[in-house]
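Since this is a predicted model, take the numbers as computed values, not measurements.
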Amino acid sequence: VDGDDIAFRRADNAEEFSRSRVGQIAQDGKGFLWFGTQYGLYRFDGYSHIAFAPDARATTRLSGVFVNAMLHDSAGRLWIASDQGLDILDPNTGVSTPVAYAGDSGSSTMIQSIAEDASGLFWLGTTTGLYGLDAQGRTRVHFRHDARDAMSLGSSDVKFVSRDRDGTLWVTDGAGLEAVDPSSGRVLQRVPLQEAREMRFVEDRNGLFWIYHASGDALATFDRAAGRMVSYRFLDAAGKPLPRFGIYTGLVDREGRLWLG
């Protein structure tokens, strides 16, 4: 899509977010958009925002304010990871239920990414490894880096987790991209990358991974079948390289177009 063809509309009460960082966006089954910020969770219905934040007087509330990761699951629920823990929110009732997963023990563990696989497991990429939870939030597996095991995760700092169209589980850490066996936690394939800060990827309709990250020349593709990596540079209309910048989010839409933020 050419830039001139894109129409942007600013939400009427967008000034509420003038000091917020909207780091997470999810859409529920009714079409509502949910925004996770450092000041809480907001729902947008096209006309107004409704804030969901911890309230000492409430019987059901989110565990924390700063939303780090969010997922709309196949059952219509929202999994919300904050600075203080993990909650499952029913978007129809607004009732949230805290999840006491194995890593939630008052330590410095932080959830950085959430994904759901075809078997019904929910995967948490955290600062202390990769956790697999069932639909009720019970921890089933926990994988981490083991210096004595060359087949273990390259790092316990799992920044992103996702599954590809074939069902393979992939994670990113400080060293690159890794395919992981969900039953054993053993790494099946490693793709080293030099620029790995806040690295994530999206898969297009042809199975090509578009890898983006927050620094340097921030976009590359990875063809799994050929084992080929291609890096991209951004140029202006005159062919001059643009200043180095980061990409923080990506999406392939229903028309197959790639959107980058």
Heavy-atom side-chain proximity of Arg140 to Leu121 below 4.5 angstrom: yes

Side-chain ion pair, Arg186 and Asp181, N-O less than 4.0 Å: no

Inter-residue atom distance Asp83.CG - Phe66.CZ, 0.5 Å rounding: 7.5 Å

Within-4.5 Å side-chain heavy-atom neighbours: Val252 and Arg205: no

Residues Gln112 and Thr126: side-chain donor-acceptor under 3.5 angstrom: no

Common cluster, Phe160/Phe143, ILVMFWY with side-chain heavy-atom separation under 4.5 Å: no

Val158 side chain near Asp173 side chain, heavy-atom distance below 4.5 Å: no

Residues Asp157, Thr127; criterion side chain to side chain donor-acceptor pair (under 3.5 Å); working and verdict: CA-CA 4 Å; Asp157 185 10; Thr127 51; 5.7 Å; no

Sub-4.5 Å side-chain heavy-atom contact between Leu41 and Met70: yes

Aromatic centroids of Trp210 and Tyr232 separated by under 6.0 Å: yes

ILVMFWY network linking Val187 to Trp123, side-chain heavy atoms under 4.5 angstrom: yes

Cation-pi geometry met for Arg43 and Phe32 (6.0 Å, 45°): yes

Pairwise side-chain contact, Asp134 with Phe122, heavy-atom cut-off 4.5 Å (strictly under): no

Salt bridge (charged side-chain N to carboxylate O under 4.0 Å, His left out) between Lys240 and Asp236, worked out: CA-CA 5 Å; Lys240 182 180 179 181; Asp236 62 19; 5.9 Å; no

Residues that Asp146 engages under salt bridge (Lys or Arg N to Asp or Glu O under 4.0 Å), provided they are two or more places apart: Arg148

Asp73 CG to Leu78 CG distance, which is reported to the nearest 0.5 Å: 8.0 Å

Side-chain donor or acceptor of Asp166 paired with backbone N/O of Thr168 under 3.5 Å: no

Side-chain H-bond candidate by donor/acceptor type, Thr109 with Thr128, under 3.5 Å: yes

Closest non-hydrogen atom pair between Glu116 and Ser74, with its separation: OE2-OG, 2.6 Å

Side-chain ion pair, Asp117 and Arg163, N-O less than 4.0 Å: no

Phe209/Phe201 aromatic ring centres below 6.0 Å: yes

Set of salt bridge (Lys or Arg N to Asp or Glu O under 4.0 Å) partners for Asp164, sequence neighbours left out: Arg224

Straight-line distance of Asn206 CG to Thr221 OG1, nearest 0.5 Å: 11.5 Å

4.5 Å side-chain heavy-atom contact, Trp170 and Thr172: no

For Met229, all residues meeting side-chain contact (heavy atoms from CB on, under 4.5 Å), sequence neighbours excluded: Val191, Leu193, Ile211, Ala220, Phe222

Verdict with reasoning, Leu89 to Val95, per side chain to side chain contact (heavy atoms under 4.5 Å, CB included): CA-CA 6 Å; Leu89 174 70; Val95 174; 5.7 Å; no

Non-hydrogen side-chain atoms of Leu124 and Leu130 separated by less than 4.5 Å: no

Any side-chain heavy-atom pair of Met110 and Asn68 under 4.5 Å: yes

Minimal non-hydrogen separation, Ser63 against Pro98, with atom names: OG-CB, 4.1 Å

